Amino acid sequence: MPTGTLLIIDDEARLRQLLARVLELEGYVVLQAPDATRGLELLGQHADDILVLVSDVKLPDGHGVDLIPRFKAKAPEAEIVLLTAFGTIPDGVQAMKAGAFDYLTKGDFEQQLIVVVDRAAEKARLRRRVLELERRVGQQYRFESMVGESAELKRTQQLARQVAPTGSTVLLEGPTGSGKELFAQAIHQASDRALKPFVAVNCSAFPKDLLESELFGYKKGAFTGALTDKKGLLEEANGGTLFLDEIGELELNVQAKFLRVLETQSFTKLGDTKPTSVHVRLVAATNRNLKAEAAEGRFRPDLYYRLSVFTITVPPLKARPADVAPLAEYFLQYFAAKLQKRLPGLDAECLRLLQGYDWPGNVRELKNVLERAAILAPADAPLSADFLPDEFHARPRAAGLTANPDDESLRAVEARHIQRIMLALAGNKPEAARKLGIGLTTLYRKLQEYGLES
């Protein structure tokens, strides 16, 4: 049965009371007003509760269509249904243009009214759920919601806050897992585009031959398999922010198209002859040195200079050790709630080991470590060091050179570093080779040499 609060405004007391009774039998709470003045008072008092306003067009102190803006000003999320004794098509069109949900003619219309009110109420509920979701997302990705108190984090936040309202292109530099996407979302939420789309694209997640069509879209028949027109992610982000993560992965020809987007706010889809206009803000991120990449011909210098209008370096977690404790506590409580398990903090030894680790996988690795620990740890006891992975203790997982943590020879240090990178990246060898700056074949050889291959 439907629930919610309705308001009926009609100077005919008998009709008003009849409609109220009919709608109350459907499960609604119904407020009544004999004129626009009293109706506006009730709207102001119950704006958060009223889902639908049902109003006569001809009221003693105003015309229903003319009153729609005043009704909307009092209760923006409420839907409006207008009633009239003698309805005409032009009047109905005028009412709908003014913002009414529907326009009904009085008479034997109780069942029709119930259907219309139910639909209007559902639309109002949906709008309120969307607004609540947008509010929560906005709060989640605000700068104030970032966890950490280090001076390094505060400096980075200050730079991001300054550029957020400007609309300028932003380039976020920093290692994988350091929180670049979180900063991109916070910049979006602090801008005048906050209510528009935020579209995130990981350029390394798409096959290179598909990325162009995903970003720019295509017209039907542009290539074999293009059976319908496709809107690209650039169009999806129109009016809002497009976040390109790992932008260094873009092919040179796609880079050229993005340079045109930045310069003209337009692009041409695959298979199209006319340009498509968009109004997007671009925030890009990379874990590479794009300036060096441009100097070596692997990235377009002209695009680099357009992207680097405002560059922000997001520091790795090892550069802000003061943030390890609050982040660890935050992630522990997050996963405890998710697992419906009470975990009252971390013990001293566990915290000491977390703070002494160099976090090659940055905040993402810390999050993964705390998720694993929260799953393994018993409830109602502080998290102990026993539930941290092996690399946090003096008994590494791998044998060979890494077994002795006091061995400071170059080979042993290199072996331990490779082991940490492999663990942080969950054994992803191609990504580990790229992060280490060596070839994949070289990595396989070193894994075998140091006894790290499982």
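Just so it is clear, the structure is predicted and the values come from calculations on it, not from any experiment.
With sequence neighbours left out, the ring pair (Phe, Tyr, Trp, His ring centres under 6.0 Å) criterion links Phe71 to no other residue. When the side-chain contact (heavy atoms from CB on, under 4.5 Å) test is applied to Pro207, the partners found at least two apart in sequence or on another chain are Asp209, Leu210. For Asp192, the side-chain contact (heavy atoms from CB on, under 4.5 Å) test picks out no residue, with sequence neighbours left out. In this view, Arg260 satisfies the salt bridge (charged side-chain N to carboxylate O under 4.0 Å, His left out) rule with no residue, not counting sequence neighbours. Residues passing the ring pair (Phe, Tyr, Trp, His ring centres under 6.0 Å) test with Phe101: none are found, sequence neighbours excluded. For Phe387, there are no ring pair (Phe, Tyr, Trp, His ring centres under 6.0 Å) partners, not counting sequence neighbours. Phe267 is linked by a ring pair (Phe, Tyr, Trp, His ring centres under 6.0 Å) to Phe216, counting only residues two or more places apart in sequence or in another chain. Qualifying side-chain contact (heavy atoms from CB on, under 4.5 Å) partners for Thr268, counting only residues two or more places apart in sequence or in other chains: Asp272, Pro275. With sequence neighbours excluded, no residue satisfies salt bridge (charged side-chain N to carboxylate O under 4.0 Å, His left out) with Asp347. Listed by chain and number, the residues in a side-chain contact (heavy atoms from CB on, under 4.5 Å) with His417 are Arg420, Ile421, Leu436 (sequence neighbours excluded). Under the side-chain hydrogen bond (donor to acceptor under 3.5 Å, both in side chains) criterion, Glu293 pairs with Arg288, Arg298, not counting sequence neighbours.
The shortest heavy-atom contact between Leu250 and Gln255 is O-NE2, 2.8 Å. Across every non-hydrogen atom of Ile247 and Phe299, the tightest pair is O-CE1, 3.7 Å.
Taking a cutoff of 4.0 Å between a charged side-chain nitrogen and a carboxylate oxygen, Lys180 and Glu173 do not qualify as a salt bridge. With respect to Glu431 and Arg434, a salt bridge is recorded, a charged nitrogen being found less than 4.0 Å from a carboxylate O.
For residues 318-334, the side chain to side chain donor-acceptor pair (under 3.5 Å) pairs, not counting sequence neighbours, are Ser150-Asp323, Arg320-Asp323, Glu329-Gln333.
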Inset, instruction - Could you walk me through whether Leu262 and Leu303 pass side chain to side chain contact (heavy atoms under 4.5 Å, CB included), step by step? - result: CA-CA 9 Å; Leu262 291 176; Leu303 179 58; 3.8 Å; yes

Inset, instruction - List the steps, then state whether salt bridge (Lys or Arg N to Asp or Glu O under 4.0 Å) holds for Lys196 with Glu236. - result: CA-CA 10 Å; Lys196 298 295 184 179; Glu236 296 288 353; over 6 Å; no

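Taking CD from Glu181 and CG from Leu172, the interatomic distance works out to 10.5 Å, rounded to the nearest 0.5 Å.
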